[in-house]
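Taking it in order: structure first as structure tokens, then the write-up.
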Amino acid sequence: MKALLAVDALSLSFQRYSGWFRRHAVPCLNDVSLTVVPGEVHAVVGASGAGKSLMAWAVMGLLPANAHLSGTLNFDGLPLDAERLAALRGKCLALIPQSIAALDPLVRSGRQVRWSARRAGIAAHRTPHIARQTLSRYGLATDVEQAYPHTLSGGMARRVLLAMATAGDADLLIADEPTTGLDPCNRQRVLDYLRELADAGKGILLITHDLQHALTVANRVTVFHAGTTLETAPSDAFDGQGERLTMPYTRALWQALPSNGFQAPARERTHEEVLSLA
Ligand SMILES: Nc1ncnc2c1ncn2[C@@H]1O[C@H](COP(=O)(O)OP(=O)(O)OP(=O)(O)O)[C@@H](O)[C@H]1O
Ligand code: NI
């Protein structure tokens, strides 16, 4: 099936000044590759600082000016250059950002969702209805529409971000840690909703720390480590002792889950050891 999103050999570094004139490049991503096809939830898992959010920002064209990017990004078979990104962002590609600081503190939640719908090209007279419908889908009552972000709990604010990203019915949704701070019931509800979107033909890139919960909805899982993609495996390969997983690091992640008895490796591996198949 044709990929909705194809990230190929993506590398990223930041230019930093270490003196008045001395510049050096700080590498953050190296040879990151993955695809998202319509109808799938593709989970991206990996430790904190592995580069998962940076990849999301790179796809959305939201990196700061000192970022240097190489490799290719394709959306629906065509290169995702700056011009195309500007036209598609919010309409065809949407991001649920990791931080709730992305909400505007001075604007009521309902209005922010209406703006997102408007940016996605929905006619102005339809946006109040769409905003209400989207918020209620995530269990947010009408009073949340009137609330400013600082009066919401962390979990409620996260669901407002989710409503903003989904109000425009984008084909590709990148959800960066969308369940952080949610209670188990709401967490599963959000994951199930992402699954429903995929079943309706959308492509979902689900960035998470939580392999166990990701596996309840994902078709495929890509494992990130120290700025690179180690392996992409189908969800059903996360089974037994992980015999169908290629990389020892992926197997170790699987075996360390509570349901597998917290089998921790004897010692932490170096990055070189993680990259090797031994
Ligand atoms: N603007 C920036 N300039 C320089 N380095 C940065 C910048 N933004 C992020 N980094 C670095 O890039 C690395 C990857 O960060 P990123 O936020 O993508 O990790 P992550 O996998 O999303 O982690 P988490 O699971 O904690 O969200 C980190 O080491 C971070 O310090
Ligand atoms: Ni992140």
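Order of listing sets the numbers, starting from 1, for every ligand and every atom in it.
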- So H68 and Q15, side-chain hydrogen bond (donor to acceptor under 3.5 Å, both in side chains) or not? Walk me through it. CA-CA 7 Å; H68 180 264; Q15 289 291 338; over 6 Å; no
- Note on the structure: Tightest non-hydrogen contact, residues A157 and I100, listed as CB-CG2, 3.9 Å
- Task: Check whether the ring centres of Y249 and H225 lie less than 6.0 Å apart, and answer yes or no.
- Result: yes
- Would you indicate whether the side-chain heavy atoms of K91 and L88 approach each other to under 4.5 Å? no
- Query: Name the residues with a heavy atom less than 4.0 Å from ligand 1?
  - Reply: F14, R16, C28, A47, S48, G49, A50, G51, K52, S53, L54, P64, Q98, E177, H209
- Message: Tell me every residue that passes side-chain contact (heavy atoms from CB on, under 4.5 Å) with D199, counting only those two or more places apart in sequence or in another chain.
- Response: R195
- Item | Polar side chain donor-acceptor pair, H213 to R187, under 3.5 angstrom | yes
- Query: Partners of D183 by salt bridge (Lys or Arg N to Asp or Glu O under 4.0 Å), sequence neighbours excluded?
  - Reply: none
- Item | Flag for E145-S109: side-chain donor and acceptor within less than 3.5 Å | no
- Query: Side chains of Y193 and T166: is there a donor and an acceptor less than 3.5 Å apart?
  - Reply: no
- Message: Could you enumerate the protein N, O or S atoms under 2.8 Å from the Ni ion (ligand 2), written like residue then atom name?
- Response: S53 OG, Q98 OE1
